[in-house]
2 protein chains.
Amino acid sequence: MSRAGLTPALVVQEAARLSDERGFDSLSLAMVAARLGVATPSLYKHVDGLPGLRREVALLGVNDIGACLQRAAVGRSGPDALRATADAYRRYAHAHPGRYAALQQMPRWAGAEVELSHDPVTVLAAVLRGFDIPEERMVHAIRALRSGLHGFVDLEMRGGFGLPEDVNESYALVVEGFVRVFRSWSASG
Amino acid sequence: MSRAGLTPALVVQEAARLSDERGFDSLSLAMVAARLGVATPSLYKHVDGLPGLRREVALLGVNDIGACLQRAAVGRSGPDALRATADAYRRYAHAHPGRYAALQQMPRWAGAEVELSHDPVTVLAAVLRGFDIPEERMVHAIRALRSGLHGFVDLEMRGGFGLPEDVNESYALVVEGFVRVFRSWSASG
DNA sequence: CCTCTTGGCTAATGGGATTAGCTTCGAAGA
DNA sequence: TCTTCGAAGCTAATCCCATTAGCCAAGAGG
């Protein structure tokens, strides 16, 4: 390797780090290049321009959060699993705001060879399976859960909750709301 | 040539229209200027650069959606009001995706002289008042509702719901979920 | 008719993305 | 060890957009 020893993985990793620090929106090739000590055009040997880099960061984020959720859910079931997973979800977003913002743009390039080793939606689906929800409602349940978790985290990270009331408590109540609703949807009443 | 007869309001309106058509992210002064038939720098006489323009569009969006929600809620109460408002919320986002995206960035410049004639959060709060929720839970309830509505609409607009299941039905179920939860939170049990 | 404010313009600067084409590192093989 | 070749990184050049500076004319008020 000629000097810097870059690899696609290294570039993407640095980009992800930068996204977390400065925001996914302001991610730029120039910034990544500076951080890696190379000239901007050099990056084109490893990633497919800015759009490609953003896509890679998103992909990294999806797999990352999927792994987190899985780790949180393993060994639990029902409401307990839901609580743990919801917690992990929010914690991931806080820890990696840039990656989290990035992965929201994934659907655009969906259908591609996305190759998820850890799909967050699959984990949520598995968690919901512990609620005995009739099959024809499963998709709706997953959508509802994703909406609630994402909406809360998104508003929170944008500074949308201005009042002094404890945000953790709000989140806990949201999660308990889901527990209640999903119980009410269960086949057994 | 005071020919073009621009005003701040006109510029912002065109910017909002463009945001809805091409996406708030790709809004640019150059595009707005072209659309209005003037040179880019001319816009600086009316708005405070690109950041200022984005802020104005966001402000427009907040007031817009606030007015929509208010119109939907008036004359109704309780679950009925909640359903109507939730519907209006989603409909607004679909009709004006650019403005909707813009208003999510409002919190950043909050505290300013924001002067909302129609504050969407206030409307939601009023709607929730019909559920007899204890005062100390009100803020949490509003946060939960905002999270659910925003999260759903956001995921939907990003193409996050890929499966063929009816999205309208999913949304209806989410709203009914809120009805159930808020009922359970009501002081009267 | 004169003047002053003000909206719109052109020119110029700076930054980021992207492309083209050059150079040199470093490994594989004679 | 010497040669060759592919790939990594670089510089130069182009394009697009935001922003600033400074010019000019139009229209209201006297």
Side-chain angles (χ1 to χ4, degrees), chain A residues 1-61 98-99 101-102 105-106 108-109 112, chain B residues 1-61 98-99 101-102 105-106 108-109 112:
Chain A
M1 310 302 172
S2 311
R3 260 203 196 122
L6 294 188
T7 65
L10 258 175
V11 174
V12 172
Q13 188 189 354
E14 194 58 51
R17 211 170 305 162
L18 264 166
S19 296
D20 288 338
E21 291 172 19
R22 311 249 202 141
F24 184 63
D25 294 335
S26 52
L27 178 65
S28 71
L29 290 179
M31 219 156 61
V32 175
R35 189 81 150 239
L36 292 169
V38 299
T40 306
S42 305
L43 298 181
Y44 285 79
K45 290 284 163 66
H46 302 284
V47 297
D48 193 17
L50 184 58
L53 181 61
R54 291 167 65 94
R55 187 168 52 247
E56 293 300 320
V57 172
L59 200 50
L60 181 69
R99 290 158 161 93
Q105 317 211 175
M106 278 280 5
R108 289 190 196 172
W109 18 75
Chain B
M1 320 233 147
S2 308
R3 268 242 192 72
L6 295 188
T7 65
L10 259 174
V11 174
V12 172
Q13 188 189 355
E14 194 58 50
R17 211 170 306 163
L18 264 166
S19 295
D20 288 338
E21 292 172 18
R22 312 250 202 137
F24 184 64
D25 294 334
S26 52
L27 178 65
S28 70
L29 289 180
M31 219 155 60
V32 175
R35 189 81 150 239
L36 291 169
V38 299
T40 307
S42 305
L43 299 180
Y44 284 79
K45 290 285 164 67
H46 303 283
V47 298
D48 194 17
L50 184 57
L53 181 60
R54 290 167 65 94
R55 187 168 52 244
E56 293 300 320
V57 171
L59 199 51
L60 181 69
R99 291 158 161 94
Q105 318 209 177
M106 277 280 6
R108 290 189 195 173
W109 18 75

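The shown structure was predicted, so the numbers you read here are calculated from the model rather than taken from an experiment. The chains referred to below are lettered A, B, ... by the order of the sequence lines, with proteins before strands, and numbering in each begins at 1.
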Next on the checklist: Quick one: does any side-chain atom of S19(A) pair with a main-chain N or O of A15(A) as donor and acceptor, under 3.5 Å?
Outcome noted: yes
Checklist entry - Are there more than 12 heavy atoms of other residues, nucleotides or ligands under 6.0 Å from atom CZ of R35(B)? => result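 Atom CZ in R35(B) is packed in, count exceeds 12.
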Next on the checklist: Looking at dA7(D), I'd like to know if its phosphate oxygens (OP1 or OP2) sit under 4.0 Å from a side-chain N or O belonging to H46(A).
Outcome noted: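 False: H46(A) side-chain N/O out of range (4.0 Å or more) of dA7(D) OP1/OP2.
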Next on the checklist: Please determine whether a side-chain nitrogen or oxygen atom of S42(A) lies at a distance below 4.0 Å from atom OP1 or OP2 of dA8(D).
Outcome noted: no
Whole-Å distance separating the [atom1] atom of [X] from the [atom2] atom of [N]:
X	N	atom1	atom2	answer
K45(B)	dT6(C)	NZ	P	10 Å
L50(A)	dG16(C)	CG	P	12 Å
L53(B)	dC17(D)	CG	P	15 Å
L27(B)	dC17(D)	CG	C1'	12 Å

Would you mind telling me which of [options] lies closest to the side-chain atoms of [X]?
X	options	answer
Y44(A)	dA17(C), dT19(D), dC9(C)	dA17(C)
P41(B)	dA20(C), dT20(D), dC17(D)	dT20(D)
L6(A)	dG9(D), dT19(D), dG16(C)	dG9(D)

Next on the checklist: Just to be sure I understand the rule, does A39(B) reach a base, reach only the sugar-phosphate, or reach nothing, if contact means heavy atoms closer than 4.0 Å?
Outcome noted: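 Touches a base.
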Item to check | Check against side chain to side chain contact (heavy atoms under 4.5 Å, CB included), L27(B) and R22(B) | outcome: CA-CA 7 Å; L27(B) 178 65; R22(B) 312 250 202 137; over 6 Å; no
